[in-house]
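Below: the structure, in structure tokens.
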Amino acid sequence: MSEKTSRISGFHTWSVEDRIARVADFAGLGEGERTQLAAPSNIGAELGDHMIENFITTIAIPVGVATNLKVDGRDVLVPMATEESSVVAAVGNSARQCYESGGFTTSMSGTEMIAQIQLLDVPDPHRARLVILERQAEIAEICNACDPVLVRLGGGFRGLEVRLVDTPTGTMVVTHIIVDTRDAMGANAVNTMAERLAPDIARWTGGTTLLRILSNLADRRVVRARATWTAEAIGGEKVRDAMVAAYQFADNDPYRAATHNKGIMNGISAVVLATGNDTRAVEAGAHAYAARTGRYRSLTTWEVTAEGHLAGAIELPLAVGLVGGAVKIHPTARALLAILKPGSAEELARVIASVGLAQNFGAMKALATDGIQKGHMSLHAHNIAFAAGAVGEEVGEVARRIIAAKAINEEAAGRALADLRGQ
Ligand code: MEV
């Protein structure tokens, strides 16, 4: 099997060094990136102090690599930063089950961000709305002048919307500037433009501007991914139908949808974090998008194809970048991006959406068959064994014993460890 395939069996059984070596060979990483990956907890105080205020320390989150993903015909190994066990394994398992049927196919609506300018105290909001819309050409010039580099890279102002928002304290005139931010997440670019433009809007309309900030409901930056799992690959029609019923539950009950979408975000946020992007921006956008019909619904859809296979699809806004912010200065985020090698922010978003779909498949399949605790408890048992003081091979043995005794707690693990050491 070539080094360029993401189909790797038993990756979890390899040593950490062997995993890094394989991933580095797959991605053609240089010495600097290999060294960076081999050093957990790998940013120094100087960089931390530079990144945020009142810095005192860092908290290390494990990064795993999801195997078996093929996205738009390209095999990818995907770095995921998460404190939760089962998340990385679920993506690899789910992707394995659709690898032979083609993996993931994706598309994206574009890389446009919206910034909002709130205008108050206008006696004639309908007139004000048209006054602003009439200035589109001038507004385009003002916005583009804020970021000539973005314009040179093919981005910049793309459009204008003015909405009237009725509130208990009166009608507000809300201007949306729509800006293509290309490979940047774009918050800084659009916020600068909104702040620069606001005084003109106030002057043209006679109102008072207040907030000037991007919207995380980035619905002009929507990414879509789909994949088909054959009924055979997933264990038959009964499993398939149970999964569709699980999806229907989520799509029609917000209590379930919140958990279903949380599982999707387990995958999405993990890649967003590993690549130095803003997890909160992506999460806010995803949940707002899930509620866009007025009811909070599933971010995915699941149905049965004419051939009897299971077709999954996901659609959500994904504002992620490859330049700017932590992406640019965090050495581990850079090394992890080098594993993925996305040609653009759009390509990164497409991979992330595929991970979200795979994660959802894994959670639904587990829930609709064995239940989530079976797989989860075995990993949890390892954590408990570790917490009870087991080291090296003791961890697996103590975990095995407390699972067999159906007593997955630290006390039982302590006893199992003492027994093991006494033998
Ligand atoms: C746990 O982190 C995620 C799940 O609850 C997702 C789901 O219920 O679909 C397993």
Side-chain angles (χ1 to χ4, degrees), residues 12 59 61-66 69 78-98 104 225-227 229 234-235 238-274 279-280 282-291 295-304 310-316 318 352-384 387 403 408:
H12 64 285
I59 178 164
I61 300 290
V63 175
V65 166
L69 277 109
V78 187
M80 302 177 67
T82 178
E83 88 300 342
E84 185 171 336
S85 54
S86 306
V87 165
V88 180
V91 170
N93 282 333
S94 306
R96 176 178 47 73
Q97 293 169 63
C98 70
F104 300 85
R226 64 180 170 85
W229 282 261
I234 66 175
K238 204 162 155 232
V239 174
R240 176 199 71 194
D241 293 345
M243 290 177 68
V244 172
Y247 151 67
Q248 287 295 350
F249 179 17
D251 203 39
N252 289 283
D253 175 15
Y255 284 92
R256 172 58 203 149
T259 323
H260 175 95
N261 288 343
K262 186 273 183 185
I264 292 170
M265 300 315 287
N266 276 346
I268 289 183
S269 296
V271 190
V272 172
L273 184 60
T279 50
R280 288 82 56 216
V282 167
E283 280 158 14
H287 294 296
Y289 196 71
R295 182 161 60 82
Y296 185 81
R297 299 179 62 177
S298 166
L299 286 165
T300 52
T301 55
W302 293 92
E303 50 203 358
V304 178
L310 180 66
I314 186 168
E315 183 177 299
L316 80 165
L318 260 178
I352 295 175
S354 305
V355 168
L357 184 62
Q359 193 79 57
N360 188 221
F361 172 93
M364 284 204 323
K365 189 174 176 202
L367 287 166
T369 55
D370 293 334
I372 208 75
Q373 288 306 82
K374 191 174 166 202
H376 213 76
M377 282 326 258
S378 137
L379 285 158
H380 183 55
H382 281 76
N383 290 344
I384 297 273
I403 291 171
I408 304 177

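Counting convention: from 1, in listed order, for ligands and their atoms alike. For reference, positions follow the sequence shown, starting with 1.
- In this structure, the side chains of Q359 and I268 stay at 4.5 Å or more apart for every pair of heavy atoms.
- Residues M80 and N266 share a closest heavy-atom pair of CE-O, 4.5 Å.
- The aromatic rings of W229 and F361 lie parallel to each other, their planes meeting at an angle below 30°, with 60° marking the opposite boundary.
- Protein residues lining ligand 1, listed by chain and number: E84, R256, T259, H260, K262, G263, N266, A363, L367, I372 [non-hydrogen atoms, distance under 4.0 Å].
- Taking every heavy atom of both residues into account, A66 and V91 meet most closely at CB-CG1, 3.7 Å.
- Nearest heavy-atom pair, A286 versus L299, reported as atom, atom and distance to 0.1 Å: O-CD2, 3.5 Å.
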Point to revise | side-chain hydrogen bond (donor to acceptor under 3.5 Å, both in side chains) assessment of H287 paired with Y296 | key: CA-CA 8 Å; H287 294 296; Y296 185 81; 2.7 Å; yes
